[in-house]
Amino acid sequence: MSSPVDDYLSPPRFEVRSAVQRALAEDLTPLGDLTSVLVPNDAVAVAQFRARQPGVLAGVECAAETFAQVDPALEVSWMLTDGARLESGSVIATVEGRLRTMLTAERTSLNFLSHLSGIATLTATFVDRVAAVGSPTRVWDTRKTLPGLRSLQKAAVRAGGGRNHRANLSDAIMVKDNHLTGLGAAEAVALAKDRWPNRTVVVECEDLDQMIVAIEAGADSVLLDNMSPEQVGECVVRAAELQSASPRRCLLEASGGINVDTVAAYAAAGVDLVSSGTLTNSAPALDIGLDIVT
């Protein structure tokens with residue numbers, strides 16, 4: 001299947017294929033679709049995916065792969081693709097072919113579209129709130145994802161205009177508060193730089209003093225955790241002072257309890273990045289339906 005989605009927004013093809021295989025096995029084991037086989041085998045139909053509320057589209061490749069695995073003869077024509085802004089009533093795609101197999105693929109395809117579009121929609125809301133205050137701050141996700149669906153959910157974040165934090169524990173070194181119960185921040189940064197010299201080192205900081213230690217130790221990025229926007233602003237000013245004479249600059253990220261109502265204030269405080277687990281673990285599904293038109 002050729003991809004209808006821009007490569008930047010696409011999850012890996014093998015991940016799409018695997019996720020769809022698991023989802024169909026869950027739905028069709030052990031005896032298949034007992035209801036749809038009641039439909040005459042030669043019945044054909046045309047159906048349309050339609051948005052039932054405004055949002056941002058994601059999950060197109062998963063929906064397309066679902067139909068391809070259930071019945072390769074079904075013809076799916078995409079009018080819109082990942083990243084598209086939807087209005088209520090927007091026609092996303094048309095499906096033509098055997099009604100029986102179309103109905104078998106319906107719910108699995110909608111589950112992917114609705115869930116992933118919900119993530120893209122919530123991400124876009126965060127991004128729009130940041131843009132409204134004229135800030136260059138970028139919104140990105142976390143590892144708070146559903147097991148087995150991380151790459152799909154992170155692709156949905158990209159579709160909503162967000163960016164991706166580390167993909168897994170091997171991607172970067174993030175020294176968090178629980179790690180710091182066993183070693184100090186300066187020691188942790190030094191060990192990380194020695195053992196994994198080509199990895200980004202991030203240190204979670206709960207106050208200004210911890211941030212100063214982390215920056216002076218050579219951290220590539222600091223995560224300002226559970227601070228107020230005012231506290232974050234103080235950290236931004238102090239970090240600039242610490243690094244004023246250095247060509248190297250430590251990235252500043254705000255995290256912890258940030259939501260659509262507060263993200264603009266954190267962005268206005270001057271951080272480079274804001275992160276929220278809400279994007280992937282709490283986004284409500286977008287209401288999308290598959291309607292038979294003929």
Side-chain angles (χ1 to χ4, degrees), residues 1-6 9-84 86-121 146-149 151-153 155-156 159 283-294:
M1 182 190 73
S2 60
S3 173
V5 182
D6 183 288
L9 302 181
S10 299
R13 282 289 309 131
F14 76 91
E15 291 277 15
V16 172
R17 191 176 300 113
S18 175
V20 170
Q21 286 173 341
R22 295 194 307 271
L24 289 174
E26 185 176 61
D27 233 10
L28 298 176
T29 303
L31 297 177
D33 184 353
L34 302 186
T35 308
S36 292
V37 294
L38 303 177
V39 175
N41 190 45
D42 59 352
V44 295
V46 177
Q48 291 180 334
F49 282 109
R50 292 185 184 181
R52 293 176 176 163
Q53 65 182 120
V56 177
L57 182 62
V60 162
E61 285 194 278
C62 292
E65 178 67 20
T66 301
F67 284 98
Q69 289 191 23
V70 170
D71 182 358
L74 290 169
E75 297 182 12
V76 186
S77 301
W78 295 95
M79 286 71 172
L80 300 172
T81 191
D82 287 9
L86 303 172
E87 300 297 332
S88 182
S90 293
V91 177
I92 298 167
T94 297
V95 186
E96 299 183 47
R98 293 174 64 208
L99 178 57
R100 178 185 287 185
T101 53
M102 189 184 300
L103 294 173
T104 297
E106 176 183 6
R107 175 45 50 196
T108 298
S109 62
L110 284 171
N111 283 346
F112 281 116
L113 277 181
S114 296
H115 173 63
L116 297 174
S117 294
I119 292 173
T121 299
L146 292 176
L149 295 181
S151 65
L152 306 185
Q153 291 186 310
L286 192 71
D287 191 1
I288 299 173
L290 182 67
D291 303 320
I292 305 295
V293 292
T294 60

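We're numbering straight along the sequence, starting at 1.
Between the CG atom of L28 and the OG1 atom of T104 there is a distance of 6.5 Å, given to the nearest 0.5 Å. Atoms CG and CD1, from L149 and I119 in turn, are 8.5 Å apart once rounded to the nearest 0.5 Å. Atom CG in D33 sits 10.0 Å away from atom CD in E106 (nearest 0.5 Å). Expressed to the nearest 0.5 Å, how far CG of D287 lies from CG of L110 amounts to 9.5 Å. Rounding to the nearest 0.5 Å places CG of L57 at 5.0 Å from CG of L86. To the nearest 0.5 Å, atom CD of residue Q48 and atom CG of residue L290 are 9.0 Å apart.
Contact annotation: the side chain of T121 never approaches that of Q53 to less than 4.5 Å [non-hydrogen atoms, C-beta and beyond]. Residues F49 and L80 form no side-chain contact, since every pair of their non-hydrogen atoms from C-beta on lies 4.5 Å or further apart. Side-chain contact check for N111 versus T66: every heavy-atom pair is 4.5 Å or farther apart. Contact annotation: the side chain of D82 never approaches that of D6 to less than 4.5 Å [non-hydrogen atoms, C-beta and beyond]. You'll find the side chain of L99 reaches within 4.5 Å of the side chain of I292, heavy atoms only. Counting heavy atoms from C-beta outward, F67 and M102 have side chains that approach closer than 4.5 Å.
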| request: Begin with the C-alpha distance, continue with both residues' side-chain angles, and end with the deciding distance and a verdict on side chain to side chain contact (heavy atoms under 4.5 Å, CB included) for W78 and V5. | output: CA-CA 10 Å; W78 295 95; V5 182; over 6 Å; no
| request: Would you please test T294 and V44 for side chain to side chain contact (heavy atoms under 4.5 Å, CB included) and show each step? | output: CA-CA 9 Å; T294 60; V44 295; over 6 Å; no
| said: With side chain to side chain contact (heavy atoms under 4.5 Å, CB included) as the criterion, how do Q153 and L116 come out once you've worked through the C-alpha distance, each side chain's angles and the decisive distance to 0.1 Å? | reply: CA-CA 6 Å; Q153 291 186 310; L116 297 174; 4.3 Å; yes
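Closest non-hydrogen pair, L113 versus A63, comes out as CG-CB, 3.8 Å. Closest approach of L152 to C62, counting heavy atoms only: CD1-SG, 3.8 Å. Residues A51 and I92 approach most closely at N-CD1, 4.0 Å, considering heavy atoms. Minimum interatomic distance between L74 and G97 (heavy atoms only, all atoms of both residues): CD2-CA, 3.7 Å. Scanning both residues, A120 and A159, for their nearest heavy atoms gives CB-CB, 4.2 Å. Of all heavy-atom pairs spanning M79 and V91, the tightest one is CB-O, 3.7 Å.
R22 places a side-chain N or O within 3.5 Å of a backbone atom of G148 that can act as its donor or acceptor partner. Using modelled atom types, one side-chain atom of S90 and one backbone atom of E87 make a donor-acceptor pair closer than 3.5 Å. In this structure, the side chain of R100 engages the main chain of V37 through a donor-acceptor pair within 3.5 Å. The backbone N or O of S114 sits nowhere less than 3.5 Å from a side-chain atom of S117 that would complete a donor-acceptor pair.
Under the side-chain contact (heavy atoms from CB on, under 4.5 Å) criterion, R17 pairs with R13, F14, Q21, E65, Q69, not counting sequence neighbours.
Ionic pairing of R52 and D291 is present here: one or more N-O contacts between side-chain nitrogen and carboxylate oxygen are shorter than 4.0 angstrom.
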